[in-house]
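Worth knowing before you read on, the calculation uses all heavy atoms, side chains too, and leaves out hydrogens, waters and symmetry mates.
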Amino acid sequence: MQLATWNVNSLKMRLQHVLDWLAANPVDFLCLQETKLTDDKFPKDEIEAAGYGVIFTGQPTYNGVALLYRKEAGYVPDGVQLNNPLYEDVQRRLVSARFQTAAGPVRVIGAYFPNGQAVGSEKYVYKLGWIASLQEWIAQLRREEPDTGVILAGDFNIAPADADVHDPAVWADGILVSGPEREALQGLLALGLHDAFRLFEQPPKLFSWWDYRALGFRRNAGLRIDLILVSDELKPMVGRCWIDKGPRKLEKPSDHTPVVVEWGAAAT
DNA sequence: ATGGCCGCTTGCAGCGGA
């Protein structure tokens with residue numbers, strides 16, 4: 001099985017990229033962030049025609065998330081949750097559902113973490129509070145659904161370590177890398193979640209986002225801020241996790257590119 | 001050294017993103 005996450009920076013602008021990518025990469029699940037579409041404008045028909053069911057929640061202009069699941073594989077979502085039940089929020093940043101899979105029940109949570117804008121700002125305080133509440137909710141889920149694995153995938157807007165930053169000196173203590181943000185991520189990992197990408201040896205300087213400005217992509221001046229966390233019971237089944245730079249090379253790309261995880265039978 | 005793009009809007013300049 002495969003699951004991917006992709007911040008598309010407007011699904012209206014990127015729908016064809018998503019459909020083309022799914023045709024070439026028929027993943028079981030796809031989490032999208034920054035759809036930037038109200039629910040009445042969501043391209044449900046086009047996505048269903050491509051063989052995927054979809055759960056989505058949006059708002060005007062900003063944010064918006066979607067969770068796609070491959071119909072041919074027979075997935076039926078239950079326990080659907082839009083946003084965090086423990087956190088009142090007009091911003092639409094979370095979409096979740098549980099699925100029965102060949103590797104047992106799994107709850108997928110697609111997340112668009114707040115950016116935070118600048119360390120110490122009002123938006124930064126919101127970011128840290130939002131993550132703390134997400135941690136509380138996932139802790140609650142682990143108690144309520146103890147036999148269900150968890151995959152938390154999305155745009156975390158946090159580079160976990162300096163190895164995930166093209167130039168740590170430039171970014172030092174800034175937004176996306178600051179101590180409190182990284183500690184908040186550690187709080188999530190402490191629930192028994194694991195950064196799937198770092199379960200494996202990886203070449204250096206692999207990123208999932210590159211600034212549109214300053215030839216960021218050509219210079220590989222990027223960050224790894226799009227993550228897939230898998231829970232303890234899924235960890236032994238993860239066989240591969242990779243970043244697909246292909247879509248970032250297209251005309252009018254998103255500034256993020258897909259991250260994919262593959263799991264299945266227990267690794268031997 | 002600085003900042004350089006992109007998408008969105010009760011829109012044509014300003015905000016947010018990262």
Side-chain angles (χ1 to χ4, degrees), chain A residues 5-18 31-43 56-66 89-94 110-131 153-185 195 197 205-228 243 245 247-259:
Chain A
T5 180
W6 191 2
N7 179 326
V8 291
N9 184 23
S10 168
L11 185 56
K12 183 183 173 188
M13 293 298 296
R14 235 64 68 187
L15 179 60
Q16 197 56 51
H17 286 193
V18 170
C31 301
L32 299 177
Q33 300 88 40
E34 286 209 82
T35 55
K36 297 188 178 180
L37 288 170
T38 50
D39 292 347
D40 57 307
K41 301 250 177 61
F42 193 91
F56 53 91
T57 180
Q59 66 182 89
T61 316
Y62 301 119
N63 310 311
V65 287
D89 197 354
V90 296
Q91 303 190 30
R92 313 313 283 172
R93 295 181 175 277
L94 286 168
Y112 176 46
F113 283 47
N115 170 281
Q117 200 163 57
V119 174
S121 68
E122 201 171 304
K123 291 190 172 108
Y124 184 78
V125 173
Y126 163 71
K127 180 178 192 174
L128 294 177
W130 187 94
I131 299 170
D155 176 358
F156 281 60
N157 270 316
I158 300 171
D162 283 352
D164 303 306
V165 180
H166 66 95
D167 187 344
V170 165
W171 287 82
D173 299 321
I175 195 67
L176 315 184
V177 307
S178 72
E181 289 168 87
R182 285 176 169 172
E183 284 161 25
L185 176 60
D195 181 352
F197 188 78
K205 305 274 182 196
L206 291 188
F207 307 122
S208 64
W209 168 88
W210 300 263
D211 203 314
Y212 282 126
R213 296 166 293 187
L215 303 173
F217 186 61
R218 203 183 305 178
R219 295 189 299 118
N220 197 31
L223 301 173
R224 191 176 70 90
I225 52 179
D226 299 274
L227 311 180
I228 300 171
I243 295 167
K245 285 173 75 169
R248 190 63 174 80
K249 299 173 183 168
L250 299 172
E251 286 293 312
K252 292 184 82 63
S254 169
D255 44 358
H256 298 251
T257 211
V259 181

Just the table, please: protein N/O against nucleotides 12-14 of chain B N/O, every pair under 3.5 Å.
none

Contact class for A/Asn7 (heavy atom, under 4.0 Å): base, sugar-phosphate, or nothing?
sugar-phosphate
All salt bridge (Lys or Arg N to Asp or Glu O under 4.0 Å) counterparts of [X], not counting sequence neighbours:
{"X": "A/Arg14", "value": "none"}
{"X": "A/Arg213", "value": "A/Asp211"}
{"X": "A/Asp226", "value": "none"}
{"X": "A/Asp162", "value": "A/Arg182"}

Is a donor on one side and an acceptor on the other found under 3.5 Å between the side chain of A/Arg248 and the backbone of A/Phe217?
no
Return the residues of [range] meeting this criterion: a heavy atom under 4.0 Å from some atom of DNA chain B. Order them by number, or give none.
{"range": "residues 212-222 of chain A", "answer": "A/Tyr212, A/Arg213, A/Ala214"}
{"range": "residues 163-176 of chain A", "answer": "A/Leu176"}
{"range": "residues 155-162 of chain A", "answer": "A/Asp155, A/Asn157"}

How would you list, by chain and number, every residue that makes a side chain to side chain contact (heavy atoms under 4.5 Å, CB included) with [X], sequence neighbours excluded?
{"X": "A/Ser178", "answer": "A/Val119, A/Tyr124, A/Pro180, A/Glu181"}
{"X": "A/Gln59", "answer": "A/Tyr62, A/Asn63, A/Gln91, A/Arg92"}
{"X": "A/Leu215", "answer": "A/Arg218, A/Arg219"}

Expected list for residues 110-118 of chain A: side-chain donor-acceptor pairs under 3.5 angstrom, two or more places apart:
| residue | atom | partner | partner atom | Å |
| --- | --- | --- | --- | --- |
| A/Tyr112 | OH | A/Glu34 | OE2 | 3.2 |
| A/Asn115 | OD1 | A/Gln117 | N | 2.6 |
| A/Gln117 | OE1 | A/Lys123 | NZ | 3.4 |

What is the distance from CG of A/Asn63 to P of B/dC15, rounded to the nearest Å?
18 Å
note: A/Met13, atom CE; B/dG16, atom P; distance rounded to Å ~ 21 Å
Answer yes or no: is there a side-chain heavy-atom contact under 4.5 Å between A/Ile243 and A/Phe197?
yes
